[in-house]
Amino acid sequence: MTVDLILFLILALVAVATAAGMLFSRNAVYSALFLVLNFASIAVFYLLLGAPFIAMAQITVYAGAIMVLFLFVIMLLGAEQLAPIKVLPWQRPLAIGLAAVLVAETAYLLILRAKPAADIIPPAETVNTLGELQRLGMALFNQYLLPFEVTSILLLVAMVGAIVLTKREKGERE
Amino acid sequence: MIWEWLIKALVLIFTLLIGFGYLTYYERRALAFIQSRLGPNRAGPQGLMQWMADAVKLIFKEELTPDNAYKLVFFLSPVVTMVPSIVIAAVIPWGPPVTLFGQTFNQYVADINVGILYLMSIASIAVYGIVLAGWSSNNKYAMMGGLRSSAQMISYELTLGLSFVVVILMAGSMSLVEIVEAQREVTWFAVIQPVGAILFFIATLAEVNRHPFDMPEAEQEIVAGYHTEYSGMKFALFFMAEYQKMIVISAIMTTLFFGGYLGPGVDRFPWLGPLYMAIKIIILLFFMIWVRASWPRIRYNRLMAFGWKVMLPLALALVFITATGILLADTMGNPWLMAIIPVLSLIAGWIATLMVDRSLRRKSYA
């Protein structure tokens, strides 16, 4: 248990530090790299919780595919350097107010609504085995088939939209 | 227990390092053989020490860092390229369990139940090193190489992933050890799904930036691509990563499609496992070198069109065919119905080849 605790503390430190680095970095490429590190540390969190499938999916999808595309776009546009920011006058009070609301909500849920640890099923036994992987697939394609298909249609529509927006008609001048 | 892992990991790393050295030698000799010349034969008997001479030369070369490079990323990206190429080998089984000093040892570093997803995730982060090298050099040509490599690797990763799905369907497992054992019962998956094996081979050529898909380092167009500004040991790391990826990806292909360590007599003498593995890897590596010697580089837009318009639909069709065949064999209770998988997939592959041929014959092909 103590090893898990130490691992968790170190990982949490890395995750928070990379998230902060992502926000404060002045170079968009560095921001993207910090975000990749953040995704990787979250994947290790999943491993720690005994969910290797989600961990690997996290790395493949977020760190491997989406962030590579982000980097690709940043580099292609040459948008590494941020322009000097103009602070909108109402931005800061609004941000502070929203953050306070978030903290209050989290505190309320944590203190009043959180279940005692004994009620939570230990995740290691439930997600770790291959049978569980098959059960995940079964649940995804039987019980949740409609949301799954709707999600894929949404993605398809987004893709068609992007193509329509960027495609030049034949005979159209540049 | 921890010592066992450490020793296994060290053995694996050193094998890959030595393998890299001899792969460069092997490639140069095989290319020379195909082009009817001799190749390196001066350093050591038959030139066997050539890679050591190369290594010494590279170590003593001057290391240059461009003035306007992003120093930290420029320094880190060879390492970021190198590490995935070694780490990915951790899940590959090299042989059946062996008994040594009265204890049983498994011939793999780790057997995780999501082994194939592990391969996918490591393969997908391998692109970072190259992209970052191109960007941090602050050089137009290096940047173009990096951009090309990221576009190419993302495109061909889809085909790679779908070929993985074909294997998972046939084996019913994501663990590489169980995939090899599943091939013991039926036969090599390359026999059941020959087109899948070929697709996987082509996709891996694109993933490791080998000929004819080596657009990120096309010399005639963009100097040397992403490693234009690198010299000395930093360049050597890129070089090393590329050749180690070749070895590792051949090992993965052997495991997935060519029965891994299986072979005659491997149950009685488990030490034969790594030997069979090595023989199969060397044969696959020869195919990679052969491709390099035979085919010119594909133009960039054709590379992309090939990936998206030929490889991806064909891979989807293969997944569908494989699933249908397995379902039929299961519901009818007749395992011979599996035979429709190779037949249908060969027909699908033939149709795809015909389409490529037709579109290449058209003059207006852009």
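Note on naming: letters A, B, ... go to the chains in the order of the sequence lines (proteins, then strands), and numbering restarts at 1 for each one. None of these values were measured; they are calculated from a predicted model.
Between Leu117(B) atom CG and Gln58(A) atom CD the span is 13.0 Å, to the nearest 0.5 Å. Between the CD1 atom in Ile59(A) and the CE atom in Met120(B) there is a gap of 12.5 Å [rounded to 0.5 Å]. Taken from CH2 in Trp135(B) to CG in Leu33(A), the straight-line distance is 7.0 Å, to the nearest 0.5 Å.
Heavy-atom distances place the side chain of Val36(A), and not its backbone, under 4.5 Å from chain B. Within the 4.5 angstrom heavy-atom criterion, atoms from both the backbone and the side chain of Ala151(B) approach chain A.
Counting non-hydrogen atoms of neighbouring residues, nucleotides and ligands closer than 6.0 angstrom, the CZ atom of Phe45(A) exceeds 12 such neighbours. The number of heavy atoms from other shown groups lying within 6.0 Å of NZ (Lys71(B)) is above 12. Environment of OH in Tyr46(A): sparse, with no more than 12 heavy atoms of neighbouring residues, nucleotides or ligands closer than 6.0 Å.
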Which side-chain N or O atoms in residues 318-328 of chain B pair as donor and acceptor under 3.5 Å with protein atoms at least two apart or in another chain?
residue, atom, partner, partner atom, Å
Thr322(B), OG1, Gln193(B), NE2, 2.8
Thr322(B), OG1, Leu318(B), O, 2.6
Thr324(B), OG1, Phe320(B), O, 2.6

Expected list for residues 63-77 of chain A: side-chain donor-acceptor pairs under 3.5 angstrom, two or more places apart:
none

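Here Ser150(B) is the residue among Ser136(B), Ser150(B), Ala123(B) with the most heavy-atom pairs under 4.5 Å with chain A. The greatest number of non-hydrogen atom pairs below 4.5 Å with chain A, out of Leu147(B), Leu72(B), Val127(B), is found for Leu147(B).
Contact of the Tyr70(B) side chain with the Asn27(A) side chain is registered, since non-hydrogen atoms from C-beta on lie closer than 4.5 Å.
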